[in-house]
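As the structure lists them, so they are numbered: ligands from 1, and atoms in each ligand from 1. The chain is numbered in sequence order, starting from 1.
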Amino acid sequence: MAEFVEGWFLGHTLGEGAYGEVKLVINKTTGEAVAMKMIDLQKHPDAKQNIKKEATVHRMLSNPNIIRYYGQRSEATMEYIFLEYASGGELFDRIEPDIGMPLWEAQKYFKQLISAIEYLHGHGVAHRDLKPENLLLDDQDNLKVSDFGMATVYRLQGRERLLEKRCGTLPYVAPEVLQGLYHAEPADIWSCGIILVALLSGELPWDEANPQCVEYIAWREARYMSLTPWKKLDTIPLGLIRNILTHAPTSRYKIADIKHHRWYMQNLRKDDSEDCVDGGRVKSLRYDDEDITRLGLSQPEFPDTENQSLHINADERPGFSFSQPAALEDLFLSTQPVQNTQTSQNTFQRLVRRMTRFFVKTDYEETVRRLVKSLKEQNYICRSNDIGIITVYTVDRRKSPLVFKAIILEMDGQILVDFRLSKGCGLEFKRCFIRIKERLDSVIFKGSVTWPVGVKTKTMP
Ligand code: AMP
């Protein structure tokens, strides 16, 4: 593993953002972990200004449900942003397509989201790109709002300004944002409403909340009770959603209204959510281990390593701390990075759980061969390179481009195949993943830790 600066080692890639990869960085002595956004200024010359703005907004925020901003490092052609590391991955990985998640869990995340937004708006900051992919989870399963790339200050010294930049991710964007001038708060609240629909139903209600979209017209005209996703929801959460997804921003629920709504005030718990007496649950939808096994979604699967669960409590994890790292300043100083010092990254890799991956019984070459063959049989266009990355190109059901990567790597003497979305809808990506996994079933190690899947979409350019 390469040493980034003295004492800090580069771990694996956590994800891909608009301007480049996000990597894990670990302090060798203390085991502290930090997420590092890497921005290649040669590839993205326009990024510098945007990153400066992102940092300016993000650095002033401090809230338990918002990813902490630690600092920045500038080099000639690279810019680095250091952030609190969210080891639980993205919220969208917990959403099962067409199903959602248990009610108590959806309510917990929604409350944490509302709490973060209340804090943001209290400080005059609009996020403007709220969606499950930008909601990360820490090692205790607490929601953390991330990605302040679109954020802006809309209220300063008590004076609010109207916004006009059309930004966000289309299915989550409020109708007034598509039209022009808009108030910041109702627009963010709208996106929270769409997120709640995704959490409760595993679906997005429409591609875009515009007057031409048939699903949106039906919703506005209240002709939706027999339509999905609405028919899956019970009346109380649906009542809340109706008041949030209200076309006119002035009539839309405000945060205080949401917090006083009957569904929000119910204290759903893990044990009683399935039998919730107040009609708050998703109708006749349960998901349990059996459903998940049926869907073939067991992840991550560590052969014979079930005790090495990825979701270890912080205090059971010797040498790893998720409080603010102590030796951070070393990261911010702009010296040249040290390269190519070898150390083991296996322990670090275990800190992340991700559902789109599996271990196989075959060796490296055989895995590549089988995977490429299987992908070609499924009519995917794929391109392999010689470092074990297969890039797969296809189109989804809506004929939108879908690009993802299968990364084959050796870990603890086992071969891991890790799938990662590069472009397109996450829901479609995960449907592809399930089909690929089914076809390789005979060589996949079976495990018992299971995570459901969700909806992932791309930000408007
Ligand atoms: P972004 O550039 O913020 O869109 O991040 C791209 C992806 O990297 C996200 O969707 C996450 O999967 C991952 N990621 C970003 N920030 C963090 C973090 N602080 N901790 C863990 N993973 C992260």
Response to the item:
In terms of heavy-atom contacts, His127 and Asp147 come closest through NE2-O, 2.9 Å

Worksheet item: So, Asp188 and Ser191: side-chain donor and acceptor under 3.5 Å apart, yes or no?
Response: no

Item to complete: Mind checking whether Ala35 contacts ligand 1 via backbone (N, CA, C, O), side chain (CB onward), both or neither, at a 4.0 Å heavy-atom cut-off?
Response: side chain

Worksheet item: Is the charged tip of Lys131 near the ring of Phe92: under 6.0 Å from the six-membered ring centre and within 45° of its axis?
Response: no

Discussion item. Check this for me: Arg439, atom CZ, are more than 12 non-hydrogen atoms of other residues, nucleotides or ligands nearer than 6.0 Å?
Written reply: yes

Worksheet item: Just which atoms of ligand 1 are under 4.0 Å from any heavy atom in Ala86?
Response: 18 (C), 20 (N), 21 (C)

Item to complete: Using the side-chain hydrogen bond (donor to acceptor under 3.5 Å, both in side chains) rule, pick out the option among Glu54, Glu79, Gln72 that qualifies with Lys37.
Response: Glu54

Fill in: Polar proximity ligand 1 side, Asn134 side, N/O cut 3.5 Å exclusive
no

Response to the item:
Per-atom filter on ligand 1: closer than 4.0 angstrom to a heavy atom of Lys37 are 1 (P), 2 (O), 3 (O)

Fill in: Glu90, portion touching ligand 1 at heavy-atom distance under 4.0 Å
side chain

Worksheet item: Where's the contact between Leu24 and ligand 1, heavy-atom distance under 4.0 Å: side chain, backbone, both or neither?
Response: neither

Discussion item. For ligand 1, which is the ligand I care about here, please tell me if Asp147 has any N or O atom under 3.5 Å from one of the ligand's N or O atoms.
Written reply: yes

Worksheet item: Does ligand 1 have a heavy atom under 4.0 Å from the side chain of Val22, from its backbone, from both, or from neither?
Response: side chain

Discussion item. Tell me whether Ser374 contacts the main-chain N or O of Arg370 through its side chain, where contact means a donor paired with an acceptor under 3.5 Å.
Written reply: no

Worksheet item: With a cut-off of 4.0 Å, which atoms of ligand 1 are near a heavy atom of Glu133?
Response: 10 (O)

Discussion item. Between Arg420 and Asp418, does any NZ, NE, NH1 or NH2 come within less than 4.0 Å of an OD or OE carboxylate oxygen?
Written reply: yes

